[in-house]
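Values reported hereafter were calculated over all heavy atoms of this structure, with side chains retained and with hydrogens, waters and symmetry mates removed.
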Amino acid sequence: MMSQEANDLITRTGRKDPCGKLMRMYWQPAALVDELEGSRPVRPVKLLGENLVLFRDEAGRYGLIDRHCAHRGADLAFGRLENGGLRCAFHGWLFDVSGQCLETPAEPRDSKLCQGIRQRAYPVVEKSGILWAYLGEGEPPAFPEIDCFVAPDSHTFAFKGHINCNWLQALEVGIDPAHASFLHRFFEDEDTSTAYGKQFRGASAGSDMPMTKILREYDNPIINVEHTEYGLRLIALRELDEERTHVRVTNQLFPHGFVIPMSQEMTITQWHVPIDDENCYWYAIFTSYTTPVDRKKMRDQRLELYELPDYKSRKNKSNDYGFDPHEQATATYTGMGNDINVHDQWAVESMGPIQDRTNEHLGQSDKAIVQYRRLLRQEIEKVGGGEKPMLFLDAAHARSIQGPATMDGIGPTQGWELYWMEVDVKRRRSAPWAAPVPREIAGKVPHLTAAE
């Protein structure tokens with residue numbers, strides 16, 4: 001359990017909140033590139049509690065500025081894209097991507113008023129299908145050279161989904177290895193050959209054993225947590241017998257992301273981005289180490305659940321997440337269908353808009369969550385003291401963070417420590433693009449060559 005003050009410290013992300021100051025030290029996903037397609041690339045965005053409008057001008061430049069016009073506060077999300085910027089529909093004031101007012105047409109012809117008017121504006125860059133914004137002060141950090149940013153566009157796919165709760169409880173479900181054996185339990189296994197694009201539905205690497213069977217029958221994993229340069233590494237071990245152990249390696253990517261294996265050939269890098277203190281979006285980049293991603297199939301699969309334009313789930317509180325008591329008795333642990341995103345959404349939304357951690361009781365299986373909260377408080381204190389937090393990189397150090405390594409496979413009970421590294425390195429060295437081998441494991445498996 002923790003105090004209410006401590007809970008507020010690690011959950012609230014307003015501009016004046018300590019955690020909000022930390023979050024503003026990093027690039028934040030603001031929208032999918034897909035959201036600005038069409039003849040009018042303008043979209044309202046709420047990010048870290050700030051009401052903004054995102055747009056692309058005629059020259060292809062992106063702008064993210066205050067949503068309410070500096071003149072008299074009208075909504076710029078209804079503005080006109082013209083003459084190199086976004087024009088307010090109320091009096092015609094025109095703003096460029098830097099927030100500078102270019103024209104105040106109702107003013108006298110010789111007026112210099114516009115020269116001194118500027119909307120708050122934030123830099124925006126496009127990367128791996130996502131538009132990223134920097135809401136902090138000073139020079140933005142460099143992006144780490146992690147796989148989803150290094151892979152070619154053909155081998156990545158980006159998507160997002162809305163969750164009606166605080167960002168922290170949404171993140172914490174992703175760094176909880178034990179929950180998958182219960183929340184995502186299926187009583188029967190499917191044909192693993194049809195698992196493309198689906199989490200936990202394929203076979204574990206090095207075997208034909210379905211992940212659903214492993215999670216269902218081995219529900220008491222040994223969990224190891226290691227501190228890394230980028231956050232935390234989580235290793236969950238499920239011993240099948242004296243000779244074989246299932247090994248799953250995932251990562252917490254500071255401050256609010258994680259990297260997990262989706263299948264033998266694909267990983268998911270996912271961020272939980274505060275809209276405000278009671279809502280968040282998950283943004284995910286799926287990265288393939290083999291063939292190009294089938295983007296149409298991946299998108300169509302996800303649009304079965306998520307509705308445009310706001311990427312909200314069709315299964316939600318209003319319809320009890322599709323709960324079916326017969327299904328719960330016969331097919332799935334939750335009775336909420338086969339999409340694990342629904343399971344996760346129910347779990348974290350059912351805690352309330354901001355989880356009351358003054359009443360929780362953590363156990364040994366929650367060790368990753370305990371370690372992450374300590375890390376989060378540590379980095380909040382660093383920013384409060386004027387220091388740069390973890391993973392705030394300059395260009396010279398961007399390459400120092402690579403990977404990170406993930407895997408999901410069945411290896412030897414004695415020797416699993418090297419096995420998972422070998423699997424990850426082999427996959428990287430056989431990829432059709434230059435997937436870097438993380439420095440921290442490259443020296444430990446030198447016998448693997450590119451040909452192997």
Side-chain angles (χ1 to χ4, degrees), residues 146-147 174-181 184 189 192 195 199-253 258-269 287-290 364-368 371 401-431 435-452:
I146 57 177
D147 294 337
I175 56 172
D176 172 7
H179 86 278
S181 285
H184 305 316
D189 306 313
T192 57
Q199 178 76 0
F200 293 135
R201 307 315 293 273
S204 186
S207 76
D208 57 3
M209 187 179 294
M211 271 299 297
T212 47
K213 178 180 176 67
I214 294 170
L215 294 176
R216 181 177 65 247
E217 297 186 3
Y218 304 92
D219 60 8
N220 187 21
I222 297 170
I223 300 170
N224 295 330
V225 181
E226 303 171 1
H227 286 258
T228 67
E229 290 182 290
Y230 51 79
L232 302 172
R233 179 185 297 115
L234 285 58
I235 303 176
L237 305 171
R238 289 174 166 87
E239 186 174 317
L240 310 186
D241 52 45
E242 290 184 358
E243 296 183 353
R244 301 176 305 154
T245 289
H246 176 265
V247 186
R248 182 172 172 83
V249 180
T250 62
N251 303 274
Q252 194 288 310
L253 187 67
F258 57 70
V259 187
I260 61 176
M262 181 179 184
S263 62
Q264 296 181 41
E265 58 276 334
M266 198 176 294
T267 60
I268 305 172
T269 307
T287 306
S288 172
Y289 297 86
T290 55
Q364 285 292 315
S365 63
D366 301 304
K367 61 177 64 176
Q371 290 296 317
I401 306 297
Q402 296 182 326
T406 66
M407 71 85 59
D408 182 336
I410 297 175
T413 297
Q414 301 297 322
W416 63 263
E417 298 91 342
L418 187 61
Y419 162 76
W420 72 262
M421 298 183 194
E422 292 174 335
V423 171
D424 184 73
V425 172
K426 186 174 182 179
R427 176 177 62 178
R428 293 172 179 281
R429 290 180 173 167
S430 61
V437 177
R439 180 182 57 192
E440 59 185 341
I441 66 174
K444 297 179 182 179
V445 285
H447 61 284
L448 277 180
T449 67
E452 291 176 303

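- Counting all heavy atoms, side chain and backbone alike, Thr250 lies closest to Pro261 at CG2-CD, 3.7 Å.
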**Study point:** Residue pair Met421, Met407: steps toward the side-chain contact (heavy atoms from CB on, under 4.5 Å) verdict
**Key:** CA-CA 8 Å; Met421 298 183 194; Met407 71 85 59; over 6 Å; no
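- Scanning both residues, Pro438 and Pro436, for their nearest heavy atoms gives CD-O, 3.5 Å.
- The minimum heavy-atom distance between Asn251 and Ala405, with the atom names listed, is ND2-O, 2.8 Å.
- Rounded to the nearest 0.5 angstrom, His184 NE2 and Met211 CE are separated by 10.5 Å.
- Sparse packing is recorded around CG of Asn220, with 12 or fewer heavy atoms of other residues, nucleotides or ligands lying under 6.0 Å away.
- In this structure, Arg427 and Thr406 have side chains that are in contact, with non-hydrogen atoms separated by less than 4.5 Å.
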Point to revise | Stepwise side-chain contact (heavy atoms from CB on, under 4.5 Å) test for Gln402 and Ile146 | key: CA-CA 5 Å; Gln402 296 182 326; Ile146 57 177; over 6 Å; no
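- Counting heavy atoms from C-beta outward, Ser181 and Arg238 have side chains that approach closer than 4.5 Å.
- For the pair Ala368 and Leu234, the tightest heavy-atom approach, listed with the atom from each and the gap, is CB-CD2, 3.6 Å.
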**Study point:** Intermediate values then yes/no, side-chain contact (heavy atoms from CB on, under 4.5 Å), Thr269 and Asp147
**Key:** CA-CA 9 Å; Thr269 307; Asp147 294 337; over 6 Å; no
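- Side-chain contact between Gln414 and Pro412: absent, with no pair of heavy atoms (C-beta onward) separated by less than 4.5 Å.
- Panel note: side chain Thr413, backbone Arg244; a donor-acceptor pair is recorded below 3.5 Å.
- Residues Ile410 and Ile214 have side chains in contact (heavy-atom distance under 4.5 Å, counting atoms from C-beta outward).
- Of all the heavy atoms in Glu239 and Tyr218, the pair that sits closest is O-CD2, 3.6 Å.
- Here the side chains of Arg439 and Glu229 are in contact, with some heavy-atom distance below 4.5 Å.
- When all heavy atoms are compared, the tightest approach of Phe258 to Gly174 is CE2-CA, 3.5 Å.
- Of the possible donor and acceptor atoms, none in the side chain of Tyr289 sits under 3.5 Å from a partner among the backbone N and O of Thr267.
- Here Ser288 contributes atom OG and Met262 contributes atom CE; the two are 10.5 Å apart, rounded to the nearest 0.5 Å.
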Exercise for review: Check the pair Asn224, Glu417 against side-chain contact (heavy atoms from CB on, under 4.5 Å), reporting the backbone distance first and the verdict last.
Suggested key: CA-CA 11 Å; Asn224 295 330; Glu417 298 91 342; over 6 Å; no
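- Rounding to the nearest 0.5 Å places CD1 of Ile441 at 10.0 Å from CG of Leu418.
- When side chains are defined from C-beta on, Arg233 counts as touching Glu440, because their heavy atoms get closer than 4.5 Å.
- Side-chain contact between Trp416 and Ile235 is present, with at least one heavy-atom pair separated by less than 4.5 Å.
- You'll find the side chain of Asp189 reaches within 4.5 Å of the side chain of Arg216, heavy atoms only.
- No donor-acceptor pair closer than 3.5 Å links the side chain of Lys367 to the backbone N or O of Val225.
- Between atom CD1 of residue Ile175 and atom CG of residue Asp366 there is a gap of 10.0 Å, rounded to the nearest 0.5 Å.
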